[in-house]
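Some notes on the structure that comes next.
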Number of protein chains: 2
Amino acid sequence: MNIGDVAKHAGLPAKTIRYYEDIGLIQPDRGTNGYRDFSENDLHKLRFLGQARSLGFSIEDCRDLLALYEDKDRASADVKHITEEHLEKIDSKITELQAMRRTLAHLVQACAGDDRPDCPILADLATARADPA
Amino acid sequence: MNIGDVAKHAGLPAKTIRYYEDIGLIQPDRGTNGYRDFSENDLHKLRFLGQARSLGFSIEDCRDLLALYEDKDRASADVKHITEEHLEKIDSKITELQAMRRTLAHLVQACAGDDRPDCPILADLATARADPA
DNA sequence: CATAAGGGTTCCAGTTACAGGAAGGTCAAG
DNA sequence: CTTGACCTTCCTGTAACTGGAACCCTTATG
């Protein structure tokens, strides 16, 4: 299978697939013409990677997950551990964004948004916050 | 004021301040020894930038906000517009992360996390999702 | 006066996960 | 034979810094 077909079937851009090969996530064969020749297993891996990436796992997490996926003697605890750590990161990110969201929503609501220069948003940004020294 | 002092007062790393000068957000003077010499106004700008960045505004947004901040003839509508667009981006990001969160939480909860190889997380990742072709 | 500590300076590389684009080889069809 | 749609590699750029090397300036101290 050529890269274009694999891309369609895996739902990933060809650029991304080449990149995944570059960083050693997959090792497709090569035809005599130099074209990559993807196996069914390569396709499975790429789908796996696409799914993991869409859940926000980092490439390095994906590398580890893929290794566990192919290790039939793995312990599910290892997979769970990676996933839990990832979940925690997502949670902190959500919390952080929600805090920003609250502040921004207040500011937007407080700003007239007309042609006058008075602006609570700029006033807030200009308010010094850091100067413990 | 030297960069170290400004860094303390603004709550930003010196590296970041140099970077902000590089990309033209601030233009501190230079002393005869080549050291940057920051004015009170520079410090205000840096605090402004720190605050805007902590609310998740991009550097380019910050550049625009800073220009509006210094333009006493600005229209608050311009500021509000930037902020609303930023708020929308934050909202989509939150929504996206919450979707990941839900899936990940289900998977974590379904995984035994012991020394056996059976793992619903890997099973889910391995489940082909993209193949509309 | 030499030196050592603690500033400051520039510049270059690395980070994340690709995307865009140039230059050029390959293949099937008309 | 040429055209168009593939494929290849390689280089650059993205965002917003961070780390580190190599080197200069200043001040205090023995």
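Letters go in sequence order (proteins before strands), and every chain restarts at 1. Just so it is clear, the values below take in all heavy atoms, side chains as well, and ignore hydrogens, waters and symmetry mates.
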With sequence neighbours excluded, what pairs up with B:Tyr20 under the ring-ring contact (aromatic ring centres under 6.0 Å, His included) test?
-> none

Who passes ring-ring contact (aromatic ring centres under 6.0 Å, His included) against B:Tyr35, sequence neighbours left out?
-> none

Which residues satisfy the salt bridge (charged side-chain N to carboxylate O under 4.0 Å, His left out) test with B:Arg53, sequence neighbours excluded?
-> none

Quantify the bending of the helix from C:dC1-D:dG30 to C:dG30-D:dC1 as the angle between its end axes, each fitted on five pairs, to 10°.
-> 40°

Pairs involving residues 22-32 of chain B, ordered by first then second residue, that meet side chain to side chain donor-acceptor pair (under 3.5 Å) (sequence neighbours left out) | B:Glu21-B:Arg30

Residues pairing under side chain to side chain donor-acceptor pair (under 3.5 Å) where one sits in residues 80-93 of chain B, two or more places apart or in two chains, turn out to be A:Arg101-B:Asp91

Span of DNA chain C engaged by chain B, first through last nucleotide within the 4.0 Å heavy-atom cut-off, is C:dG7 to C:dC11

DNA chain C contacts made by residues 55-67 of chain A, counting heavy atoms under 4.0 Å | A:Ser58, A:Ile59

Listed partners of A:Asp61 passing side chain to side chain donor-acceptor pair (under 3.5 Å), at least two apart | none

Give me the residues of residues 92-100 of chain A where at least one heavy atom lies under 4.0 Å from an atom of DNA chain D, by number, or none.
-> none

Would you please name every residue forming a side chain to side chain contact (heavy atoms under 4.5 Å, CB included) with B:Asp78, sequence neighbours left out?
-> B:Leu68, B:Ala75

What string of B, S and - do you get for nucleotides 2-9 of chain D 5' to 3' if you count protein non-hydrogen atoms under 4.0 Å?
-> ----BSBB

Hey, does the side chain of B:Tyr20 come within less than 4.0 Å of D:dC17's phosphate (OP1/OP2), counting only N and O?
-> yes

